[in-house]
Structures are given as C-alpha cells and as structure tokens.
Amino acid sequence: MIVARNNERLKNSRAKLTGSIGFVPTMGALHEGHLSLIRRAREENDHVIVSIFVNPTQFLPGEDLEKYPRKEEADRKICELAGVDLLYMPTTDQLYHEDELLISAPKIRGYILEGAKRPGHFDGVLQVVMKLLNLTRPTRAYFGKKDAQQLVLISRMVRDYFMQTEIVSCEIVRDPDGLALSSRNIYLSPEERQRALALSRSLKRAAKMIQSGERDTRRITAVMRGILEAEVDGLEYVAIVDRDFHPIERIVEGESIILVAARVGLTRLIDNLWV
Ligand code: PAF
C-alpha cells in the first residue's frame with residue numbers, strides 16, 4: 001500500500017493505477033462501517049483509494065475538531081489489511097489555500113435538519129469532497145447512508161457540476177444491539193451508550209408501524225418522540241422526508257427516509273432508516 005501525505009505523491013501514485021478506481025473518503029478512526037465501504041469498493045473496482053483527513057471546514061466553532069478521534073497507526077494497518085492500494089493522508093495545507101473559492105450547499109436542502117443544527121457544515125463537506133474527488137478521480141465513491149443528508153447533497157453536487165464519479169450509497173452498519181456505528185460512539189459512557197439505543201429502537205418501532213400499515217408521518221414521529229424523550233438528554237429532530245429531503249405527510253415505501261438526531265450526555269448522535 002502506498003501512503004501519500006502530499007498531492008505530488010498522490011498524483012504520481014494515482015497516475016500508475018489503471019482500470020476502475022473505488023474511493024472511500026473518511027475522517028479516520030476507522031470502524032466496521034468504514035470497512036464495509038472499503039470492502040464494497042474492493043469488490044467493485046480494480047483499485048481502492050482511501051483518504052483520511054479530519055476536515056476543519058465542516059466543524060463549527062465549539063464542535064469537536066480538536067478532540068475528534070485520531071488513530072493514524074491503527075487506521076493505516078486496517079487499510080493495509082483491507083487491501084487498499086493508495087492511502088491519502090494530507091495535511092491541511094495540501095488541501096486548502098488562502099482566500100479560496102467557496103462552495104455553498106443548496107439553500108434549502110443544505111440548511112434544514114443537520115444543516116439547521118450545524119449551519120455551514122455541508123458547505124465544508126462539499127468543499128472537501130469536491131477537492132478529494134478532483135484529486136483522486138475515482139470511477140466510484142462510496143458513502144454510508146448513516147449520513148443521509150450528506151449523501152444526498154454529495155449526489156446533487158456531482159449531478160449539478162457534471163462530475164464524472166458515480167456515487168454509491170452503502171447500508172448502515174450497526175453493533176449487535178442496534179447502535180449505528182460512528183467514530184463518535186467512543187465518547188459515550190456505558191450508561192449513555194445504553195440510553196443511545198433509543199435512537200435505533202425508535203426507528204425499529206417506526207418500521208413496525210409501517211409494516212402494520214401506518215403511513216401518517218405525524219403519528220409515526222409522535223411515537224418515536226415518546227421513545228426518545230424518555231432516554232436522550234436533548235432531542236434535536238425527528239423527521240420524515242422523501243429521498244430528495246422534502247418533508248412528507250405520508251410514507252411512500254421505497255421513497256422515504258426517517259431521520260433522528262439527539263444528544264446523549266455531551267455526544268450528538270444521528271441515525272436513520274430508509275423505507
Ligand atoms: O463522512 C465523513 O466522514 C466526512 O464528512 C467526509 C465525507 C469524509 C468529508 O470530510
């Protein structure tokens with residue numbers, strides 16, 4: 001596995017890769033969720049590139065940029081064992097310039113739900129993903145459905161800017177007890193982790209209601225709120241949208257996403273279910 005810490009090395013190493021390229025952008029602290037993306041990229045492409053970069057522009061002031069978990073050595077080994085061909089681990093000065101041109105998330109979809117709670121977050125995500133896709137020029141790039149709004153916005157960016165990469169959406173990976181994997185789960189104490197299960201439990205309950213024929217999103221979100229409010233320390237939102245992030249009144253199977261965001265202790269968690 002080649003490790004590139006600067007753009008020159010990335011460019012030279014990328015030039016030697018022929019055939020299809022699967023790309024998995026990450027912020028490191030790799031877990032089974034990332035591994036599932038890497039494995040899928042491995043299966044579907046001739047070569048795999050992974051990036052590890054804790055992108056400062058997607059963190060708001062006061063968020064966890066400084067304390068975001070960094071596990072460089074372990075991540076490197078994980079990538080090597082997973083058969084990654086090229087690992088790109090740039091420093092900030094390799095990716096950002098002074099007074100640079102900015103990318104803005106769409107005015108509505110980029111500023112509702114996660115975008116309302118973290119205004120400007122998606123501008124930073126799109127900015128770095130655009131840079132990473134231009135640098136690595138992959139055939140396909142792999143993103144988890146856990147960050148549903150991020151996934152939808154990146155797909156729109158690729159469409160709106162006629163970029164050549166195919167965006168592949170991958171299933172959420174969960175611990176056996178249902179908790180969706182996230183690098184931030186390590187912030188949870190054992191007691192908080194138990195209460196955090198309310199997120200996946202509320203989504204399971206929503207799935208059961210839908211299976212039993214319920215379609216009214218207000219009734220579903222009311223039941224979910226009941227489950228969540230008993231356990232979490234701050235419920236930020238429960239929402240049901242279509243696949244383009246328009247709020248909907250009735251579930252349409254195959255076209256809806258149920259989303260939840262809540263704080264448990266000091267940790268902000270998100271989860272969702274694509275129905
Ligand atoms: O999902 C993430 O880990 C990040 O938002 C991404 C896509 C790597 C951009 O920094």
Side-chain angles (χ1 to χ4, degrees), residues 4 10 21-38 40-41 48-60 63-72 74-75 78-79 82 84 86-96 100 102-106 109-110 113-115 117-136 138 140-158 161 163 165-173 180-187 259 261 267-272:
L10 174 70
I21 308 275
F23 175 51
V24 182
T26 81
M27 297 207 300
L30 302 180
H31 51 62
E32 231 356 92
H34 298 111
L35 264 175
S36 72
L37 306 182
I38 297 173
R40 180 140 176 217
V48 177
I49 306 180
V50 170
S51 65
I52 296 180
F53 178 65
V54 182
N55 173 40
T57 66
Q58 70 188 74
F59 288 78
L60 269 61
E63 287 190 345
D64 57 346
L65 172 62
E66 300 308 327
K67 79 169 196 180
Y68 194 85
R70 288 164 173 85
K71 299 186 171 172
E72 207 178 295
D75 287 349
I78 289 171
C79 287
V84 171
L86 177 51
L87 175 61
Y88 177 52
M89 300 173 89
T91 46
T92 304
D93 63 327
Q94 291 295 305
L95 279 177
Y96 286 103
E100 67 171 56
L102 297 174
I103 296 178
S104 301
R109 287 174 195 76
L113 302 173
E114 280 307 283
K117 294 291 166 192
R118 307 178 70 190
H121 165 70
F122 287 123
D123 297 353
V125 170
L126 296 175
Q127 182 183 26
V128 81
V129 171
M130 167 84 91
K131 285 168 188 276
L132 293 169
L133 293 181
N134 286 339
L135 281 163
T136 54
R140 303 180 185 86
Y142 294 79
F143 294 88
K145 284 183 175 174
K146 166 137 184 306
D147 292 301
Q149 199 170 357
Q150 163 174 290
L151 170 60
V152 168
L153 292 175
I154 290 169
S155 302
R156 287 181 70 89
M157 175 177 79
V158 165
Y161 284 83
M163 296 165 75
T165 299
E166 178 192 339
I167 301 300
V168 183
S169 53
C170 302
E171 295 306 322
I172 298 176
V173 180
L181 297 193
S182 160
S183 304
R184 290 188 168 104
N185 289 353
I186 59 160
Y187 300 151
L259 304 133
T267 309
R268 193 172 178 276
L269 299 169
I270 58 170
D271 200 352
N272 64 67

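First listed ligand is number 1; within each ligand, the first listed atom is number 1.
Checking R268, Q150, Q149 one by one against E114, the side-chain hydrogen bond (donor to acceptor under 3.5 Å, both in side chains) holds for a single residue, R268.
Around the NZ atom of K145, the shell of radius 6.0 Å holds more than 12 heavy atoms that belong to other residues, nucleotides or ligands.
Of the options Q127, Q150, K131, the smallest heavy-atom separation from atom 7 (C) of ligand 1 is shown by Q150.
Remark: K67 qualifies as a cation-pi partner of Y187 under the 6.0 Å distance and 45° angle criteria applied to the six-membered ring.
In T26, the part holding a heavy atom less than 4.0 Å from any atom of ligand 1 is the backbone.
Looking at ligand 1, you won't find any N or O of N55 less than 3.5 Å from one of its N or O atoms.
When only non-hydrogen protein atoms are considered, atom 9 (C) of ligand 1 lies nearest to Q58 OE1, 3.3 Å. Looking at atom 3 (O) of ligand 1, its nearest protein heavy atom turns out to be M27 CG, 3.7 Å.
L30 places none of its side-chain heavy atoms less than 4.5 Å from the side chain of L35.
Every atom of ligand 1 is numbered from 1 in the order shown, and the set under 4.0 Å from a heavy atom of V128 is 9 (C), 10 (O).
A salt bridge does not link E171 to R40: none of the charged side-chain nitrogens sits closer than 4.0 Å to a carboxylate oxygen.
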